2 protein chains.
Amino acid sequence: MARWQPDARGRLEAAAFELFRERGFEQTTVADIAARAGLDKRTFYRLFGDKREALFSGNGHLEELLVRSVTETDAGPFEAVVAAFRLVAEEIFADRLELVRARQTIIESSPELQERELRKTGSLVAAVTAALRARGLDETTATLATESGATVFRVAYARWVAPDSDAPLSDLIAEVAAELRAITSAPTETP
Amino acid sequence: MARWQPDARGRLEAAAFELFRERGFEQTTVADIAARAGLDKRTFYRLFGDKREALFSGNGHLEELLVRSVTETDAGPFEAVVAAFRLVAEEIFADRLELVRARQTIIESSPELQERELRKTGSLVAAVTAALRARGLDETTATLATESGATVFRVAYARWVAPDSDAPLSDLIAEVAAELRAITSAPTETP
DNA sequence: TACGGTTATGTCGCAAGGTGACATCGGCAC
DNA sequence: GTGCCGATGTCACCTTGCGACATAACCGTA
């Protein structure tokens with residue numbers, strides 16, 4: 001997979017991450033990234049569709065894990081999705097807090113990157129929904145379960161990434177899921 | 001608000017909408033849009049931050065309506081959000097099905113526009129969340145209620161826009177909200 | 001009505017994103 | 001070695017988006 005020098009793709013990702021941290025996303029040129037990786041701009045565009053994509057390569061792995069988890073359980077749809085996110089939290093995020101925070105800082109600094117992240121999570125959600133449907137659930141139920149699960153994850157994730165947090169992500173997910181149940185369960189009428 | 005010719009902004013929006021329908025988003029150049037509106041490319045960029053923005057101008061109005069609705073009720077957070085979306089459905093969407101469908105077709109044809117839409121709804125959500133917090137709710141509850149409400153809206157909206165739908169959007173929202181309650185209310189264990 | 005000031009618009013130039021076409025070079029099979 | 005193939009580089013190009021400056025239309029006012 002690597003001929004001239006090993007792992008061109010990996011080098012580009014690393015270079016991009018460094019430069020985005022050093023100068024910010026918008027102040028970094030694709031040519032800069034390529035140069036730091038010892039490659040040409042054109043090569044970057046052959047490996048990544050986009051300048052932004054260099055930051056979003058782990059998503060394939062994530063999706064695979066989520067889909068597998070949701071597929072291999074018999075739990076109710078919402079529970080299955082929450083469990084899948086907790087698995088991901090432990091397998092992928094747990095021991096990478098600092099890295100995740102740095103990445104998050106970069107993303108928050110650029111509207112373009114926020115948009116891209118939204119789309120990425122959107123396609124994760126779509127994949128998980130498809131997996132639920134493959135278990136025989138109807139479209140609406142599957143979508144609702146996945147989206148709610150994703151919302152729970154996002155809220156928990158935001159708490160986890162916050163500078164003063166210390167609870168494990170997986171625990172936070174469980175807590176937030178419980179809160180969501182409380183809010184939606186009974187129509188509260190306050191006169 | 002209009003000096004040389006009336007409503008430059010409106011003319012640009014209309015031109016963009018037309019051209020996006022005729023040739024597609026990517027095949028349309030900002031210069032094309034400006035030309036059809038009888039203006040210059042540079043003028044377009046003074047009125048819109050982006051080529052994409054030409055499609056997302058109604059959002060201000062929407063946000064205002066949502067925030068007002070959520071602010072002026074005493075209902076529980078989730079109920080308040082759902083009610084706000086139903087109001088928007090009636091006030092803004094109800095009699096514009098064809099327009100909305102055309103717009104949706106355009107958006108679905110371009111990843112860039114999908115990202116933008118995601119961000120737009122994201123900022124709507126943020127505004128509504130802020131409104132709920134102003135009512136004294138804590139961050140997590142407010143976020144969860146808003147995000148869940150938005151999910152309900154999205155699912156209902158998707159059904160409504162689908163080519164074979166006929167039920168009013170507002171009714172669909174109510175139905176989907178009920179389904180969400182069913183899914184999250186009781187932890188289903190299927191051994 | 002002539003004036004100056006304000007404001008929208010036009011013109012010009014340019015950096016950067018993104019892409020197609022073609023050249024080149026390293027490795028591999030034979 | 002020869003020759004092929006795939007990864008990379010080079011070049012040219014279009015579009016987005018923006019800064020700087022020029023221009024023209026409208027406004028109030030004397």
Side-chain angles (χ1 to χ4, degrees), chain A residues 1-57 106-107 109-120, chain B residues 1-20 22-57 106-107 109-117 119-120:
Chain A
M1 173 127 285
R3 297 239 236 174
W4 275 248
Q5 297 183 53
D7 198 19
R9 185 175 178 106
R11 269 156 49 225
L12 283 168
E13 278 170 21
F17 192 79
E18 290 169 22
L19 285 166
F20 293 166
R21 282 221 276 190
E22 291 172 23
R23 328 180 182 165
F25 175 77
E26 334 220 334
Q27 284 64 48
T28 302
T29 246
V30 173
D32 294 339
I33 300 172
R36 176 161 307 195
L39 294 165
D40 189 84
K41 176 188 158 195
R42 197 66 185 79
T43 298
F44 179 95
Y45 280 112
R46 273 191 277 254
L47 296 174
F48 302 92
D50 235 35
K51 182 176 161 190
R52 295 149 223 116
E53 284 300 308
L55 256 187
F56 296 89
S57 47
I106 297 171
I107 291 178
S109 78
S110 154
E112 263 185 287
L113 289 174
Q114 293 169 36
E115 288 189 351
R116 179 55 50 89
E117 172 147 273
L118 253 9
R119 186 168 103 199
K120 289 295 183 184
Chain B
M1 173 129 279
R3 295 239 240 180
W4 276 248
Q5 296 183 53
D7 197 18
R9 186 176 177 105
R11 269 158 47 225
L12 283 168
E13 279 169 21
F17 192 79
E18 289 169 21
L19 285 167
F20 293 166
E22 291 172 21
R23 326 179 184 168
F25 176 77
E26 334 218 333
Q27 283 65 47
T28 302
T29 239
V30 173
D32 295 338
I33 301 172
R36 175 162 305 197
L39 293 165
D40 189 84
K41 173 189 157 195
R42 197 66 185 77
T43 299
F44 178 95
Y45 281 113
R46 272 190 280 255
L47 296 175
F48 303 91
D50 235 36
K51 182 175 159 189
R52 292 147 229 129
E53 284 300 308
L55 256 188
F56 296 89
S57 47
I106 297 172
I107 291 178
S109 78
S110 154
E112 264 184 288
L113 288 175
Q114 293 169 35
E115 289 189 351
R116 179 56 49 87
E117 171 146 274
R119 185 168 105 200
K120 288 296 184 185

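Because only heavy atoms are used, hydrogens play no part in the values below, and waters and symmetry mates are left out as well, while side chains stay in. Please read all numbers here as calculations on a predicted model, not as lab measurements. In the text below, chain A, chain B and the rest are named by the order of the sequence lines, each starting its count at 1.
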Going by side chain to side chain contact (heavy atoms under 4.5 Å, CB included), name the residues that satisfy it together with B:A37, two or more places apart in sequence or in a different chain. B:R11, B:L12, B:A15, B:L39
Can you give me the closest heavy-atom contact between A:I107 and A:Q114, atom names plus distance? O-CG, 3.4 Å
Output side-chain donor-acceptor pairs under 3.5 Å for residues 40-47 of chain A, partner residues at least two apart or in another chain, one line each.
residue : atom : partner : partner atom : Å
A:D40   : OD2  : A:R42   : N            : 2.8

Sorted by chain and number, sequence neighbours left out, side chain to side chain donor-acceptor pair (under 3.5 Å) with B:E53 holds for B:R116, B:K120
Looking at A:S110 and A:E112, would you say the former's side chain and the latter's main chain have a donor-acceptor pair under 3.5 Å? yes
For DNA chain D, find the residues of residues 44-54 of chain B with a heavy-atom distance under 4.0 Å and give them by number; none if there aren't any. B:Y45, B:G49, B:D50, B:K51, B:R52
Can you list, in residue-number order, the parts of residues 20-39 of chain A that come under 4.0 Å of DNA chain C, counting heavy atoms only? A:T28, A:T29, A:V30
B:E115 vs A:L118 side-chain heavy atoms within contact, under 4.5 Å: no
Expressed as a whole number of angstroms, how long is the span from A:L19:CG to C:dG17:P? 12 Å
Sequence neighbours excluded, the answer for side chain to side chain donor-acceptor pair (under 3.5 Å) partners of A:R36 is A:E18, A:E22
Separation of A:R9 atom CZ from D:dA7 atom C1', in whole Å? 15 Å
Strictly by salt bridge (Lys or Arg N to Asp or Glu O under 4.0 Å), give each pair with a member in residues 24-35 of chain A just once, sequence neighbours left out. A:R23-A:D32
Dump the pairs, protein N or O against N or O of nucleotides 11-14 of chain D, anything under 3.5 Å, distances to one decimal.
none

Output all residues satisfying ring pair (Phe, Tyr, Trp, His ring centres under 6.0 Å) with A:F25, sequence neighbours left out; order by chain, then residue number. A:F20
Partners passing salt bridge (charged side-chain N to carboxylate O under 4.0 Å, His left out) against B:E13 (at least two apart in sequence or in another chain): B:R9
